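Report on the following structure.
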Amino acid sequence: MSAPAGSHRALLLRVAHRAMVDYGLEPDVPLAALAEAERLEPPAAVPGGDVHDRRGLPWCSIDNDDSRDLDQLTVAEELPGDRVRIRVAVADVSAAVAPGSALDTHAAANTTSVYTPARVFPMLPERLSTDLTSLNPGQDRLALVVETTVDAAGGAGEEAVYRAVVHNHAQLAYPAVGAWLGGDGPLPAAAAAVPGLEANLRLQDEAARRLQAHRYERGALALETLETRVRFDGDRVAALVVEERDRARELIEDFMIAANGVTARFLAARGFPVVRRVVRSPERWPRLVDIAHRQGDELPEAPDSRALSEFLARRRAADPLRFPDLSLTVIKLLGSGEYDATFPGERVTGHFGLAVGEYAHSTAPNRRYPDLVTQRLLRAALAGAPVPYDRPTLEGLAAACTRREDDAQKVERLVRKSAAACLLGDRVGDDFDGVVTGAAPKGTWVRVLEPPVEGRLGRGREGLDVGDRVRVRLVGTDGERGFIDFARSRGGSR
């Protein structure tokens with residue numbers, strides 16, 4: 001069954017609200033936090049003391065078309081010796097959200113913004129996240145600036161972190177910037193209106209490509225998944241649109257990875273604890289070895305990110321059409337990331353997928369609570385103040401953020417599945433090609449290729465494992481519960 005035509009948006013909002021409550025999240029900002037937000041005055045964005053003036057740099061933001069919570073700005077500077085200094089300015093949310101306040105309590109309860117097709121459930125009220133603590137164009141804003149230099153080979157050099165006043169000279173979007181960088185579109189008008197920004201974006205792109213190449217040489221995984229966005233026709237789900245990766249998205253991704261590494265090293269060098277984002281060595285590595293073998297390739301018996309990276313590069317070249325399927329399989333087998341609080345002198349677990357050892361989420365404090373916590377640690381380290389969190393508190397926060405992020409992702413997946421169920425409601429009985437994305441005693445899951453949706457495989461799941469290709473028939477949908485049910489078609493293995 002599906003939702004009646006014309007009521008999809010309301011159904012998805014209902015599903016999202018109910019799911020957040022079921023998972024212990026707060027879908028509505030408490031009245032006390034809303035009142036506190038309304039009373040806030042904009043943090044004073046005035047240079048002086050330890051606050052530098054960086055407003056004259058050609059900062060810009062690059063984000064989604066519809067983003068209103070702008071967490072970071074970027075800029076680059078050419079240096080002698082074929083080096084580039086890159087700077088990332090991160091909105092100073094800690095200047096407005098005090099520990100223990102009603103705003104902080106709500107943020108700590110959810111630990112993340114929840115993004116669903118129906119609506120965004122922000123971690124912080126829009127009075128902050130889209131206004132006072134958003135790096136909006138044409139506004140002077142407080143920020144923490146993270147700097148590093150990049151040499152011709154993509155290696156990092158001098159690093160710095162400091163407070164500053166910054167100014168967003170152009171709000172740009174991934175599709176337009178990506179098309180321009182790829183030679184498929186004009187320079188966005190907002191960028192063309194800022195003297196020097198065109199050349200600066202080219203320089204940023206060059207620095208990002210160096211950073212990316214350096215990471216891949218060290219074993220970072222070049223994965224490509226099909227991220228989808230729900231397109232509505234009025235209040236009906238009309239399509240699932242694949243979000244194409246482009247050079248603008250890669251630019252921001254590479255700058256954020258670099259900034260997060262600088263942040264972790266900065267705190268560790270000053271004897272501060274670090275809330276790291278880690279992805280441990282995959283427990284299901286033998287399954288990855290088997291998948292490689294079945295494609296005529298080899299992986300070592302022990303987890304090796306460089307070997308996996310090289311295998312992925314070969315498969316992308318050999319079969320680019322199916323590479324997103326392989327990427328999704330690898331992601332499922334790697335397992336999810338988690339937050340880990342580490343203290344001076346302790347062994348550090350790195351990020352297997354990024355092939356980095358020093359990595360902390362720090363660049364999205366309007367949207368993620370670990371980033372706000374890290375920002376408070378940075379502010380204390382810069383001021384020469386004591387560590388603002390004791391060990392039990394910080395370890396508890398890291399564990400809570402991991403759990404809550406998992407809960408939020410479950411909500412987002414459920415609402416996306418509800419949207420997909422709405423879309424497929426009139427296609428029961430159709431056959432689809434798919435790939436197995438989950439295989440466990442609790443169930444087997446398949447993602448079909450067109451439209452790109454995932455559902456549960458009932459009849460015919462015996463003998464299947466993650467990464468297997470299979471042909472399935474749609475046997476039912478339920479938009480209210482987010483159910484999409486498949487059965488294996490006759491002769492359904494491929």
Side-chain angles (χ1 to χ4, degrees), residues 1-28 110 112-121 225-242 328 332 336 403-432 434-461 464 466 470 472-489 492:
M1 75 188 222
S2 186
S7 64
H8 293 168
R9 194 185 295 272
L11 181 149
L12 296 179
L13 182 57
R14 183 167 64 249
V15 169
H17 197 282
R18 183 175 64 238
M20 288 191 69
V21 172
D22 288 346
Y23 282 108
L25 299 165
E26 295 180 353
D28 301 309
N110 285 359
T112 182
S113 294
V114 181
Y115 294 85
T116 78
R119 62 166 283 205
V120 175
F121 298 86
T225 58
L226 297 178
E227 302 292 337
T228 60
R229 172 175 53 84
V230 174
R231 180 166 61 80
F232 287 93
D233 181 4
D235 285 331
R236 289 189 67 247
V237 175
L240 297 179
V241 181
V242 175
L328 181 63
K332 295 284 187 178
S336 58
R403 292 193 302 270
R404 280 295 185 239
E405 182 181 84
D406 184 56
D407 292 335
Q409 289 176 350
K410 289 175 181 175
V411 172
E412 292 170 351
R413 284 197 298 268
L414 174 61
V415 183
R416 287 197 300 269
K417 287 182 178 180
S418 289
C422 291
L423 180 66
L424 290 177
D426 60 356
R427 297 193 62 181
V428 172
D430 288 1
D431 288 345
F432 302 86
V435 60
V436 177
T437 56
K442 63 181 180 180
T444 298
W445 300 89
V446 172
R447 184 177 65 78
V448 303
L449 308 181
E450 180 56 42
V453 302
E454 189 177 58
R456 187 183 180 95
L457 180 63
R459 187 180 71 251
R461 63 190 177 91
L464 292 174
V466 174
V470 65
V472 295
R473 176 163 295 171
L474 180 64
V475 298
T477 67
D478 186 336
E480 192 73 46
R481 295 189 293 171
F483 286 0
I484 298 174
D485 294 321
F486 294 110
R488 200 166 180 174
S489 301

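Values in this document were obtained by computation on a predicted structure and should not be read as measured data.
At a cut-off of 3.5 Å, with distance as the only test, no side-chain donor of E480 or S418 sits close to an acceptor on the other residue.
Of the possible polar contacts, none joining the H8 side chain to the D235 backbone as a donor-acceptor pair under 3.5 Å is found. A distance-only check finds no donor-acceptor pair linking the side chain of E454 to the backbone of V446 [under 3.5 Å].
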Next item on the list: Might you work through the side-chain contact (heavy atoms from CB on, under 4.5 Å) test for L25 and V411, ending with a clear yes or no?
Entry: CA-CA 10 Å; L25 299 165; V411 172; 4.1 Å; yes
Check: Yes or no on side-chain contact (heavy atoms from CB on, under 4.5 Å) for F432 and L449, after CA distance, side-chain angles and deciding distance?
Finding: CA-CA 7 Å; F432 302 86; L449 308 181; over 6 Å; no
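When all heavy atoms of V475 and A487 are compared, the pair lying nearest together is CG1-CB, 3.8 Å. The two atoms that bring A419 and L12 nearest to each other are N-CD2, 3.5 Å, heavy atoms only. Between V114 and M20, the shortest heavy-atom contact is CG2-CE, 3.9 Å. In terms of heavy-atom proximity, R473 sits nearest to D431 at NE-OD1, 2.6 Å. G476 approaches V428 most closely through the heavy-atom pair CA-CG2, 4.1 Å. Pairing each heavy atom of A439 with each of L464, the nearest pair is CB-O, 3.8 Å.
Legend: residues meeting side chain to side chain donor-acceptor pair (under 3.5 Å) with R427, ordered by chain and number and at least two apart, are D430. Under the rule for a side chain to side chain contact (heavy atoms under 4.5 Å, CB included), the partners of E26 that lie at least two apart in sequence or sit in another chain are P30, H106, A109, N110. By the salt bridge (charged side-chain N to carboxylate O under 4.0 Å, His left out) test, R456 pairs with no residue at all, sequence neighbours left out.
Within the 4.5 Å cutoff, the side chain of V230 has heavy atoms near those of the L240 side chain. At least one side-chain heavy atom of L474 sits less than 4.5 Å from a side-chain heavy atom of I484. For the pair T437/V466, no side-chain contact is recorded, criterion being any heavy-atom separation below 4.5 Å from C-beta on. Annotation: side chain of V435 is not in contact with side chain of V470 (no heavy-atom distance under 4.5 Å).
Rounding to the nearest 0.5 Å places CG of L423 at 9.5 Å from CZ of R231. The CG atom of L11 sits 4.5 Å away from the CZ atom of R14 when rounded to the nearest 0.5 Å. Atom SG in C422 sits 9.5 Å away from atom CG in D478 (nearest 0.5 Å). Atom CZ of residue R461 and atom CH2 of residue W445 lie 11.0 Å apart, to the nearest 0.5 angstrom. Expressed to the nearest 0.5 Å, how far CG of L424 lies from CZ of F486 amounts to 6.5 Å. Residue R229 holds its CZ atom at 13.5 Å from CZ of R416, rounded to the nearest 0.5 Å.
Of the candidates T116, D22, D28, H17 forms a side chain to side chain donor-acceptor pair (under 3.5 Å) with just one, namely D28. With D406 as the fixed residue, the salt bridge (Lys or Arg N to Asp or Glu O under 4.0 Å) test singles out one of R404, R403, K410: K410.
Within a 6.0 Å radius of CZ in R459, no more than 12 heavy atoms belonging to other residues, nucleotides or ligands are found.
A cation-pi arrangement is present between R9 and F232, with the terminal nitrogen or guanidinium carbon under 6.0 Å from the aromatic centre and inside a 45° cone about the axis. Cation-pi geometry between R119 and F121 is met: the NZ or CZ atom falls under 6.0 Å from the ring centre, inside 45° of the normal.
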